[in-house]
*Asks:* 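First, the structure itself, so that you have it in front of you.
Note that these values count all heavy atoms, side chains included, but never hydrogens, waters or copies made by symmetry. Just so it is clear: chains get the letters A, B, ... in the order the sequence lines come, proteins before strands, and each one is counted from 1.
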Amino acid sequence: MVKVVSPDDGDVFGSLVLCGEDCNWDPVVFDMLIKAYVKANMIEQGFGTFRRSVEVGFVPSVVACNCLLNGLVKLRCVDRCWEVYEEMGRIGIHPNAYTFNMLINVLCKDKDVDKVNEFIEKMEEEGFDPDVVTYNTLINSYCRKGRLGDAFYLYKIMYRRGALPDLFSYTALMNGLCKEGKVREAHQLFHRMVHRGLSPDTMSYNTLICGYCKEGKMKESRSLLYEMIGNGVRPDSFTCRVVVEGYGNESKLLSALNLLSELERFEIPISPDIYEYLVVKLCEENRPFAAKSLLERISHYGYVPDIDVYNELILSLCKCNYVAGALALKAEMVNKNIKPNIVTYRALIDCLCKINKSVEGEYVMKEMVKFGVPPDTAICKALINGYCKEMDINRAESLLGFFAREFQIFDTESYNALVKVLSENADVTTLMELQDRMQKELELQGKMPCVPYLDDLGFCSI
DNA sequence: CTAGGGTTAG
């Protein structure tokens with residue numbers, strides 16, 4: 001398509017007016033300009049063109065006004081919609097059914113139902129009957145507000161008014177029913193719709209499938225999905241997501257994976273988001289290896305996990321104490337130029353310390369420092385507790401000093417853990433010497449000395 | 001002789 005306008009254009013309107021002095025032109029160009037601006041998402045310029053056309057004395061067509069309205073609605077500029085509508089009245093442009101339907105849609109998004117009905121009365125006075133779009137807009141609005149009774153009332157009078165319900169009408173009503181947990185009734189309505197000769201499309205299938213999924217009725221969802229494929233209606237990304245998440249909520253991840261393989265056999269494209277959802281979900285359900293193999297499978301399609309997905313995997317591997325796999329993934333991240341963050345390192349260090357590999361934990365901590373990610377209190381706790389558990393009191397003490405000096409981390413809990421191990425394995429003198437050394441460390445940092453730690457341990461009676 | 005175009009959904 002040829003680009004008619006772009007954001008760095010100058011004064012197109014002005015140029016057109018100047019042009020008009022030299023050659024034969026039709027003011028229809030202003031209509032086209034308005035439409036071009038709306039299409040290019042330059043609504044301000046579209047609005048400006050509308051204004052200036054009116055000033056110059058040219059009356060834009062109703063279709064141009066509708067274009068502008070449509071653009072304004074999409075950007076939720078409600079007030080400006082009414083400005084356009086008033087201006088139309090002032091200069092004698094007659095609104096048509098499109099205009100009214102768009103404005104009714106604007107009113108429906110508000111809470112005030114009376115306003116809508118008033119407006120419709122006015123519209124009828126001007127000689128326009130509500131058409132199928134009008135009814136659908138109203139039905140949809142009632143359904144969204146949970147007013148199913150009103151919605152079905154309109155559905156019934158549509159026949160009498162000669163506006164036959166279409167796919168939009170049925171889909172809106174089914175959606176309303178599903179929201180109230182009445183998915184069986186929605187399905188009956190679906191049957192009635194088919195019986196009346198309408199062919200369900202992706203949207204109507206999706207609505208029903210979504211309703212079943214929300215209620216955890218995955219068998220029904222699945223058979224509808226097959227039904228839709230059988231009828232030549234292609235599932236889209238919404239269908240896939242809704243069904244996979246439906247299985248996910250029921251913790252039936254294997255079923256979800258099987259279904260996706262089936263869909264792939266039908267050459268239905270699966271969005272990476274859906275696979276990513278499953279990878280994360282498998283991690284959450286403590287199945288990091290399944291998650292990892294899924295990740296490898298989709299990597300062949302060019303999917304590249306981001307740091308959050310990597311962290312989920314690493315967290316899950318660590319939670320199951322598969323620290324070697326977690327470290328390997330961290331290395332993979334670094335290779336792919338994805339910088340591990342505090343979450344990554346916290347998980348790894350925590351896990352290493354838990355399985356009595358605190359020396360390795362400290363090594364990882366040094367690496368994060370080298371990469372410019374400062375450790376936090378949780379990492380301090382993990383390492384000190386780890387060393388204490390492994391009875392490596394000297395390393396614990398020197399690390400405590402390191403965290404204080406380099407990162408201003410003064411963690412009472414870690415200190416107490418150290419004191420506790422010492423109290424169980426050394427004499428009071430050694431303990432007092434430790435406290436002296438730590439107090440000096442704190443004074444060096446300009447911190448007040450300090451907290452009767454020994455109290456906590458029942459040594460206080462000294 | 002005529003030019004181009006607008007509305008509702010999960």
Side-chain angles (χ1 to χ4, degrees), chain A residues 1-2 4 23-39 46 49-50 60-74 81 84-85 88 93-109 116 119-120 123 128-145 151 154-155 158 163-179 183 186 189-190 193 198 200-214 221 224-225 228 233-243 245-246:
Chain A
M1 200 191 84
V2 180
V4 182
C23 58
N24 260 345
W25 57 280
D26 192 312
V28 78
V29 292
F30 298 137
D31 275 7
M32 294 165 85
L33 187 58
I34 291 174
K35 196 203 160 199
Y37 277 133
V38 171
K39 264 218 169 117
T49 304
F50 174 75
S61 72
V62 63
V63 179
C65 297
N66 289 342
C67 272
L68 192 55
L69 276 175
N70 189 22
L72 291 168
V73 171
K74 297 235 156 88
C81 285
V84 171
Y85 176 63
M88 286 171 74
I93 305 167
H94 290 294
N96 63 16
Y98 289 83
T99 324
F100 285 125
N101 284 335
M102 280 187 279
L103 291 171
I104 286 168
N105 191 29
V106 167
L107 287 172
C108 280
K109 282 176 185 157
V116 185
F119 189 75
I120 291 172
M123 164 179 162
F128 285 97
D129 281 337
D131 62 9
V132 62
V133 176
T134 323
Y135 281 109
N136 288 344
T137 305
L138 294 169
I139 287 174
N140 194 36
S141 159
Y142 278 133
C143 284
R144 272 203 297 244
K145 293 177 175 130
L154 286 178
Y155 163 68
M158 283 177 85
L164 284 183
D166 62 5
L167 282 172
F168 279 82
S169 333
Y170 282 101
T171 303
L173 289 167
M174 288 194 299
N175 191 31
L177 287 168
C178 288
K179 276 203 179 132
V183 64
L189 191 63
F190 180 88
M193 171 183 96
L198 290 169
D201 61 355
T202 304
M203 199 69 108
S204 35
Y205 272 114
N206 282 355
T207 303
L208 206 46
I209 289 173
C210 181
Y212 276 120
C213 286
K214 269 198 209 133
S221 296
L224 267 170
L225 181 58
M228 97 188 258
V233 180
R234 277 179 83 74
D236 62 5
S237 63
F238 184 91
T239 330
C240 298
R241 205 188 77 216
V242 124
V243 178
E245 286 184 8

*Asks:* By the 4.0 Å heavy-atom rule, please label A:Met102 as base, sugar-phosphate, or nothing.
*Replies:*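 Sugar-phosphate: the residue A:Met102, judged by heavy atoms under 4.0 Å, touches backbone atoms but no base.
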*Asks:* If you apply the rule side-chain contact (heavy atoms from CB on, under 4.5 Å), what do you find for A:Val63 with A:Asp31, and how did you get there?
*Replies:* CA-CA 8 Å; A:Val63 179; A:Asp31 275 7; over 6 Å; no
*Asks:* Ignoring the backbone of A:Val28, work out which of B:dG4, B:dA9, B:dT7 is nearest its side chain.
*Replies:*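 Looking only at heavy atoms from C-beta outward on A:Val28, the closest nucleotide is B:dG4.
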*Asks:* Which nucleotide, B:dG4, B:dA9, B:dT7, lies nearest any side-chain atom of A:Asp31?
*Replies:*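 Selected nucleotide: B:dG4.
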*Asks:* Should A:Ser204 and A:Met174 be marked as a side-chain contact (heavy atoms from CB on, under 4.5 Å) after you check the CA-CA gap, both sets of side-chain angles, and the distance that decides it?
*Replies:* CA-CA 8 Å; A:Ser204 35; A:Met174 288 194 299; 3.8 Å; yes
*Asks:* Report the nucleotide, chosen from B:dA9, B:dT8, B:dG4, that has the shortest atom-to-atom distance to any side-chain atom of A:Thr171.
*Replies:*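 Per side-chain heavy atoms of A:Thr171, the pick is B:dA9.
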*Asks:* Whole angstrom is fine here: how far is it from CD1 in A:Ile104 over to P in B:dT7?
*Replies:*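 Going from CD1 in A:Ile104 over to P in B:dT7 covers 15 Å.
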*Asks:* Under 4.0 Å, counting only non-hydrogen atoms across every strand here, what does A:Asp166 touch: a base, just sugar-phosphate, or nothing?
*Replies:*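 The answer is nothing, as A:Asp166 stays clear of every strand by at least 4.0 Å.
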*Asks:* State which residue, out of A:Phe190, A:Tyr205, A:Tyr155, fulfils the ring-ring contact (aromatic ring centres under 6.0 Å, His included) condition with A:Tyr170.
*Replies:*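 Looking at A:Phe190, A:Tyr205, A:Tyr155, the match for A:Tyr170 under the ring-ring contact (aromatic ring centres under 6.0 Å, His included) is A:Tyr155.
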*Asks:* OH of A:Tyr135 versus P of B:dT8: gap in Å, rounded?
*Replies:*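 Distance check: A:Tyr135 OH to B:dT8 P gives 19 Å.
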*Asks:* If you check the A:Tyr98 side chain, which of B:dT8, B:dG4, B:dT7 turns out closest?
*Replies:*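 Selected nucleotide (nearest to the side chain): B:dT7.
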*Asks:* Please state how far atom CG in A:Leu164 lies from atom C1' in B:dT8, giving the value in whole angstrom units.
*Replies:*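 A:Leu164 atom CG is separated from B:dT8 atom C1' by 16 Å.
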*Asks:* Could you state the atom-to-atom distance from CD1 of A:Ile120 to P of B:dT7 in whole Å?
*Replies:*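 Roughly 19 Å, once rounded to whole Å.
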*Asks:* Could you state the atom-to-atom distance from CG of A:Leu33 to P of B:dA3 in whole Å?
*Replies:*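 Taking atom P of B:dA3 as the reference, CG of A:Leu33 is at 20 Å.
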*Asks:* Would you indicate which nucleotide in B:dT8, B:dA9, B:dG4 comes nearest to any side-chain atom of A:Met203?
*Replies:*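 Nucleotide nearest to A:Met203's side chain: B:dA9.
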*Asks:* Among side-chain atoms of A:Thr137 and A:Asn140, is any donor-acceptor pair under 3.5 angstrom?
*Replies:*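 The answer is no; no qualifying pair exists.
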*Asks:* In whole angstroms, how far is the P atom of B:dT8 from the CG atom of A:Asn70?
*Replies:*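 About 6 Å, once rounded to whole Å.
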*Asks:* Rounded to the nearest Å, what distance is computed from the CZ atom of residue A:Arg144 to the C1' atom of nucleotide B:dT8?
*Replies:*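 Answer to the nearest Å: 10 Å.
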*Asks:* Once you round it to whole Å, what is the distance between C1' of B:dT8 and OH of A:Tyr142?
*Replies:*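 It works out to 16 Å between those atoms.
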*Asks:* For A:Cys178 and A:Lys214: C-alpha separation, side-chain torsions, deciding distance, then whether side-chain contact (heavy atoms from CB on, under 4.5 Å) applies.
*Replies:* CA-CA 9 Å; A:Cys178 288; A:Lys214 269 198 209 133; 5.6 Å; no
*Asks:* Tell me whether A:Phe168 and B:dT8 count as stacked here, given that the ring centres must be under 5.5 Å apart and the planes must differ by less than 30 degrees.
*Replies:*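 Taking the rule of under 5.5 Å and under 30°, the ring of A:Phe168 does stack on B:dT8.
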